[in-house]
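Report on the structure given below.
Values below: all heavy atoms of this structure, side chains included; hydrogens, waters and symmetry mates excluded. Residue numbering restarts at 1 for every chain, and letters A, B, ... go by the order of the sequence lines. Bear in mind the structure is a predicted one, so any value in this text is a computation, not a measurement.
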There are 2 protein chains.
Amino acid sequence: MVRLSPVKACNDCPIRYRAVCAECDPDELAVLEQMKTYQTFETGAHLAAAGEDLDHFSSIVTGCATMSRTLEDGRRQTVGLLLPSDFIGRPGRGQSAFDVQALGPVTLCRFERHSFERLVRETPHIASRLMTMSLDELDAARDWAVVLGRMTAREKLAAFLVSLTRRFAQGAGGPRPGGGGVTLQLPLTREELADHLGLTIETTSRQMTALRKDGLIDLRPAREVFIPDFGALCAEAGEDGDGGPIV
Amino acid sequence: MVRLSPVKACNDCPIRYRAVCAECDPDELAVLEQMKTYQTFETGAHLAAAGEDLDHFSSIVTGCATMSRTLEDGRRQTVGLLLPSDFIGRPGRGQSAFDVQALGPVTLCRFERHSFERLVRETPHIASRLMTMSLDELDAARDWAVVLGRMTAREKLAAFLVSLTRRFAQGAGGPRPGGGGVTLQLPLTREELADHLGLTIETTSRQMTALRKDGLIDLRPAREVFIPDFGALCAEAGEDGDGGPIV
DNA sequence: ACAGGAACTTGATCTCGATCAATGCGGGAC
DNA sequence: GTCCCGCATTGATCGAGATCAAGTTCCTGT
């Protein structure tokens with residue numbers, strides 16, 4: 001059976017980040033609590049536009065979003081998937097280099113940019129936490145470049161499902177392990193998936209079907225994907241079959 | 001004529017980063033000066049291996065290096081090109097997620113990791129400078145994902161030449177503007193180029209020839225590339241033809 | 001329940017880049 | 001000089017994924 005390593009996000013700290021919020025100083029928390037405002041967006045809403053000034057930074061509370069770029073001729077590439085606890089905006093960056101768009105209804109916990117930047121300047125451990133988050137994103141972006149540049153369509157799809165399962169396993173509302181497998185709720189349409197994988201919608205759909213016919217996944221209504229054997233899917237994604245945990 | 005925007009690296013500060021070193025405090029510089037040691041590596045040397053502990057962080061003084069990952073079956077993808085003034089290693093990261101390999105003879109300015117991390121902890125503006133560098137790399141990695149995922153072989157090559165020209169323009173020993181064009185010294189073999197572009201060596205060579213036949217570049221001995229019209233090459237890379245500066 | 005539309009699947013064909021296979025070139029050792 | 005050997009180019013063919021074109025399923029609103 002697959003081992004899950006769920007690390008729950010801290011609900012008290014607005015910069016929710018895995019379990020490190022245990023380090024949060026009560027005084028800092030109080031400052032952040034005073035600063036924050038919640039805002040909800042509808043499906044497809046633009047949370048940020050490439051090149052536009054950001055007046056707020058935010059942490060995703062519920063829902064998912066993509067970061068993407070669209071070329072003049074309409075070709076689109078998604079460069080990152082944002083899940084609950086992910087942070088939008090970074091100190092010293094007044095604007096986003098990419099479009100950020102809600103995949104479904106999204107609730108953000110927002111902080112006025114200048115106040116937040118001041119807080120970061122005065123609070124080294126928050127700065128260091130943001131650094132860690134950025135470095136994680138950097139590694140993830142480079143990992144994804146390997147997938148985009150060198151993997152086949154089937155491997156891309158398997159790699160995405162594996163990575164999404166692992167990321168959800170670290171937060172709440174993620175995949176439900178049980179019955180010798182894992183159930184995953186896909187937050188993306190086939191088109192959004194294709195844009196993330198650097199494929200067309202048709203190829204994405206075909207490879208999805210191929211994985212289903214090979215018994216690696218089961219496709220259920222409402223974009224639910226059942227993974228009977230997580231290790232087998234990892235192997236399909238080109239990972240050495242050490243049957244490691246979902247992390 | 002193409003406008004160049006050269007921003008020279010600061011030679012005094014060991015964390016050379018564009019022109020921000022002007023901010024370096026003399027005391028910090030003294031500490032760094034005491035810490036640093038120079039080391040030279042031969043072509044092909046491994047400056048860091050994926051998953052191996054780093055005992056030093058370093059700044060590239062001369063030469064170039066790649067960050068790459070090689071899959072079990074030999075497929076390789078380069079995820080970043082490191083040029084003089086680029087930094088290897090980040091506070092809080094004891095190991096590199098990728099292999100770092102010298103493309104030619106490389107000289108590094110090295111800092112013992114723990115001492116450097118202590119300095120960073122005690123010096124917010126160095127931490128903030130490292131944050132800026134990391135965010136630049138993050139944007140670059142995501143930009144490159146768009147190239148890998150959605151561009152044709154010809155566009156990939158043009159985009160790479162454009163990006164390399166711009167990066168060299170910010171440092172020393174870069175492209176020589178003049179005669180209505182720019183001369184670029186390619187630090188990579190066709191194979192290394194192919195690994196960066198997510199192509200095969202043959203396709204890379206063919207597209208190089210195609211760009212030459214179309215008058216967009218001229219190929220000279222010793223991996224020298226002459227770009228007669230930088231704006232035209234930018235257009236080929238899918239950029240809007242605003243004839244912007246090399247930045 | 002039904003209608004409409006968006007999301008998804010499947011099929012037929014085409015094309016760009018991969019693969020297989022020579023051939024050309026250029027620089028260093030002697 | 002000329003013999004190498006690694007790097008680069010070019011050619012012929014193949015195949016994974018794109019493209020064009022129907023269908024089918026699923027969700028939503030009434």
Rounded to whole Å, CZ of A:Arg190 lies from C1' of C:dT10 at a distance of 13 Å
Can you tell me the distance, in whole Å, between the CD atom of A:Glu224 and the P atom of D:dT25? 20 Å
Aromatic ring pairing B:Phe160/B:His196, orientation class (parallel under 30°, perpendicular over 60°, tilted between): perpendicular
Using atom CZ of B:Arg150 as one end and atom C1' of D:dG17 as the other, report the distance to the nearest whole Å. 12 Å
At under 4.0 Å, does any side-chain N or O of A:Arg206 touch on OP1 or OP2 of C:dT9? no
I want to check one thing: is the phosphate of C:dT10, taken as OP1 and OP2, less than 4.0 Å away from some side-chain N or O of A:Thr209? yes
Checking side-chain polar atoms at under 3.5 Å, does B:Thr70 have a donor or acceptor matched by the opposite partner on B:Arg75? no
Among the candidates D:dG17, D:dC7, C:dT9, find the nucleotide nearest to the side-chain atoms of A:Leu219. C:dT9
Mind calculating the distance between CZ (B:Arg75) and P (C:dA18) to the nearest angstrom? 12 Å
Could you tell me how far apart A:Met208 (CE) and C:dT10 (C1') are, to the nearest whole angstrom? 16 Å
Between B:Arg223 and D:dA8, does any side-chain N or O lie under 4.0 Å from OP1 or OP2? yes
Nearest-neighbour nucleotide for the A:Glu202 side chain, C:dG27, D:dA21, C:dG17 considered: D:dA21
Select one nucleotide: of D:dG17, C:dT10, C:dC8, the one nearest the side-chain heavy atoms of A:Gln207. D:dG17
Side chain of B:Thr200 only, heavy atoms from C-beta on: which candidate in D:dA8, C:dT19, C:dG11 is closest? C:dT19
Tell me whether B:Arg142 is salt-bridged to B:Glu137, with the criterion being a basic N under 4.0 Å from an acidic carboxylate O. no
When you check the phosphate oxygens OP1 and OP2 of D:dA18, does a side-chain N or O of A:Thr203 lie under 4.0 Å from one of them? yes
Of the nucleotides D:dC27, C:dG17, C:dC8, which one has an atom closest to the side chain of A:Pro221? D:dC27
NZ/NE/NH1/NH2 to OD/OE distance under 4.0 Å, A:Arg167 and A:Asp86: yes
Looking for any heavy atom pair under 4.0 Å, which part of the strands does A:Leu199 touch: base, sugar-phosphate only, or nothing? sugar-phosphate
Taking any heavy-atom pair under 4.0 Å as a contact, classify A:Ser205: base, sugar-phosphate, or nothing. base
Nearest 0.5 Å, what's the OG-CG distance between A:Ser68 and A:Asp99? 5.0 Å
Would you mind reading off the distance between A:Ile217 atom CD1 and C:dC8 atom P, rounded to a whole angstrom? 13 Å
Select base, sugar-phosphate, or nothing to describe what A:Ala222 touches, counting heavy atoms under 4.0 Å on all strands. sugar-phosphate
